[in-house]
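Note that the structure is a prediction, hence the values are computed from the model and not measured.
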Amino acid sequence: MLYIGVDLGTSAVKLLLMDGEGAVKHVVSREYPLEFPRPGWSQQAPEDWKNAVLEGIPQLLEGFDANEVRGIGAGGQMHGLVVLDENDCVLRPAILWNDGRTAKEVEYLNGTVGRDRLSRYTANIAFAGFTAPKLLWMRENEPELFGRIAKIMLPKDYINYVLTGVHCTDYSDASGMLLLDVEHKRWSKEMLELCGVTEEQMPKLFESYEAVGTLKPDVARRLGLPETVTVCAGAGDNAAAAVGTGAVGAGRCNISLGTSGTIFISSDRFGVDPNNALHAFAHADGGYHLMGCMLSAASCNKWWQEEILGTDDYQTEQAGIDLDRLGRNHVYFLPYLMGERSPINDTGARGCFIGMTMDTTRADMTQAVLEGVAFAIRDSFEVARSLGVEIPRSNVCGGGSRSRLWKTILANILGIPLDTAATEQGPGCGGAILAMVAAGRFPSVRAAADALVSVADTVEPDARLTALYEERYRQFREIYPACRALFPKLQ
């Protein structure tokens, strides 16, 4: 038996083929463009996702028996606003998770509507990337298109619609819309009313591991797959990555060093950070989780390497940073290239270097970028600790986790061991595992993760380095408050 996992990312879709024992048999990636029509805006054409998936799956299956495929599951970039008209045609480019155009709407929701009400309705407050502020922006700035909305969904849900014809979403992804009553797992009537939409315009809600349908006949023919292939609801990329790395069940943690950076703490019980610095979302295993999300993580390193240094040789750039340099860097980097979400929730925040002197080297700057991302992840880590959450160790995944140096920096800044799963395909692997549960291969997500996910590598913290980084982190914590009033003046 074979299962297809879909990782619908910001820059590309990654498709993987997994057998029933968890072995990844083939991986295919297809890129698509990202639009920045104005500074701070970020959007994509859903048709590009559709074409990438429909063209990529036949490529993925080359050399394999397509009749062995039993299920498809997707993990996808969260929060993106996809809107369809009454004919199920896409009305406009999807406004993505890292889009910052909704500052006014966020201020209205958090200030006028009020954080307490939002938290009561949805367990969360408004962030620029969330879906509800985008609906308000569209109602204000594109009223004609807004009036034609028949269905609202998220990026990976559009792919599921293409495959099955079903308008669906799952609880983990829907949690990031600011339209879901997370605790009771139902659409919030109050939030729908605030945004001027109805429950009929919303997709049907499922658990991530539930089947939403099977392939449409025309799609099955195009893909060369049986019509009986089960498509599950799937999950938001972070919940899917948590499944793919085994962060399932109470007290498990997963850190993702992808385009964005996240810290994901799993729980069997619903809980809310009283300051709403962390998101309170549903998990793909049927439970809940707390999550901190920074908008720019590995993308900071990509920007530094490729746009500033003009090289894509990441390994060579990091080779000059040996262990003796760790914890001793006097250069700091704020990784707020797209504004920031957790825990500061400031769309106007910007990236900056500070602390350079005449003897600062290229390696110091590269090291500062890696450390800046790790320090920002620790900010959310500290919020969780303040709530009494114990995090004795964590999984780590995402493109940045391929750097041993970066994992060493992160392990010592957090002071905990970091495990890397045997497969690096976090969200795609999680999608395939969810498809197995939907197709009946395993009785639960926990049973599937326990059977299929194994640790390939662990980076242990060093007490000496952890002590050095403790002082560096205290200094890092002072930089953003000192710069906060300046950022609006720079725009």
Side-chain angles (χ1 to χ4, degrees), residues 5 7 9 14 16 18-19 21-27 29 75 237-249 251-266 297-298 301-302 313-327 366-367 369-371 373-375 377-378 381 390-433 446 448-466 469:
D7 175 7
K14 297 177 183 177
L16 68 82
M18 179 181 285
D19 68 18
E21 305 306 315
V24 177
K25 313 302 288 186
H26 195 202
V27 177
S29 180
D237 53 3
N238 293 296
V243 172
T245 59
V248 173
R252 304 296 293 274
C253 183
N254 183 59
I255 294 170
S256 175
L257 288 175
T259 302
S260 62
T262 59
I263 180 166
F264 183 110
I265 306 160
S266 180
N301 197 34
K302 179 180 175 66
D313 190 349
Y314 292 71
Q315 189 172 358
T316 297
E317 285 299 323
Q318 295 181 19
I321 305 171
D322 57 39
L323 291 179
D324 289 339
R325 302 172 65 102
L326 301 188
T366 299
Q367 182 177 336
V369 171
L370 304 180
E371 290 172 338
V373 171
F375 285 141
I377 288 174
R378 178 162 171 185
F381 189 82
E390 295 293 331
I391 309 173
R393 66 189 309 120
S394 177
N395 302 316
V396 61
C397 67
S401 69
R402 290 193 287 270
S403 166
R404 181 81 179 183
L405 172 66
W406 208 348
K407 288 192 291 186
T408 299
I409 289 170
L410 182 59
N412 284 286
I413 285 176
L414 299 180
I416 60 173
L418 296 179
D419 300 319
T420 304
T423 174
E424 299 177 359
Q425 310 294 332
C429 179
I433 291 173
R446 179 64 182 267
D450 286 348
L452 302 176
V453 180
S454 60
V455 173
D457 176 62
T458 298
V459 176
E460 298 280 353
D462 177 278
R464 180 183 57 86
L465 285 180
T466 297
Y469 270 123

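When all heavy atoms are compared, the tightest approach of Leu323 to Leu465 is O-CD2, 4.3 Å. Smallest separation of non-hydrogen atoms from Ala411 and Leu418: N-CD1, 3.6 Å. Closest of all the heavy-atom pairs between Ala240 and Pro427 is CB-O, 3.7 Å. The two residues Leu16 and Gly428 make their nearest non-hydrogen contact at CD2-C, 3.4 Å. Residues Gly249 and Ser266 come closest through the heavy atom pair O-OG, 2.8 Å. Across all non-hydrogen atoms, the minimal contact from Ala374 to Ile413 is CB-CD1, 3.5 Å.
Separation of atoms OG1 (Thr420) and CG (Asn395) is listed at 8.0 Å; rounding is to 0.5 Å. One finds the OH atom of Tyr314 at 11.0 Å from the OG1 atom of Thr366 (value rounded to the nearest 0.5 Å). Summarising the geometry, atom CD belonging to Glu371 is positioned 10.5 Å from atom CG belonging to Asn412; distances are rounded to the nearest 0.5 Å.
You'll find the side chain of Trp406 reaches within 4.5 Å of the side chain of Val373, heavy atoms only. Contact check for Ile265 versus Ile391: side-chain heavy atoms found under the 4.5 Å cut-off. Counting heavy atoms from C-beta outward, Leu326 and Leu405 have side chains that approach closer than 4.5 Å. The closest side-chain heavy-atom distance from Arg446 to Asp450 is below 4.5 Å. Taking the side chain as every heavy atom from C-beta outward, Ile416 and Ser394 approach each other to under 4.5 Å.
A donor-acceptor contact shorter than 3.5 Å links the side chain of Ser401 to the backbone of Gly398. With Gln367 contributing its side chain and Ile321 its backbone, the two residues share no donor-acceptor pair below 3.5 Å. Under a 3.5 Å cut-off, the side chain of Tyr469 and the backbone N or O of Gly327 do form a donor-acceptor pair.
Residues satisfying the salt bridge (Lys or Arg N to Asp or Glu O under 4.0 Å) criterion with Glu390, sequence neighbours excluded, are absent altogether. Partners of Asp457 by salt bridge (Lys or Arg N to Asp or Glu O under 4.0 Å), not counting sequence neighbours, listed by chain and number: Arg404, Lys407.
Ser403 and Gln318 share a donor-acceptor pair across their side chains, judged by distance under 3.5 Å alone.
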Show your working on side-chain contact (heavy atoms from CB on, under 4.5 Å) between Val396 and Asp419 and close with a plain yes or no. CA-CA 6 Å; Val396 61; Asp419 300 319; over 6 Å; no
Identify all side-chain donor-acceptor contacts of residues 251-264 below 3.5 Å with residues at least two apart in sequence or on another chain.
unit_1	atom_1	unit_2	atom_2	d
Arg252	NH2	Gly246	O	3.2
Asn254	OD1	Thr245	OG1	3.0
Thr262	OG1	Asn238	OD1	2.8

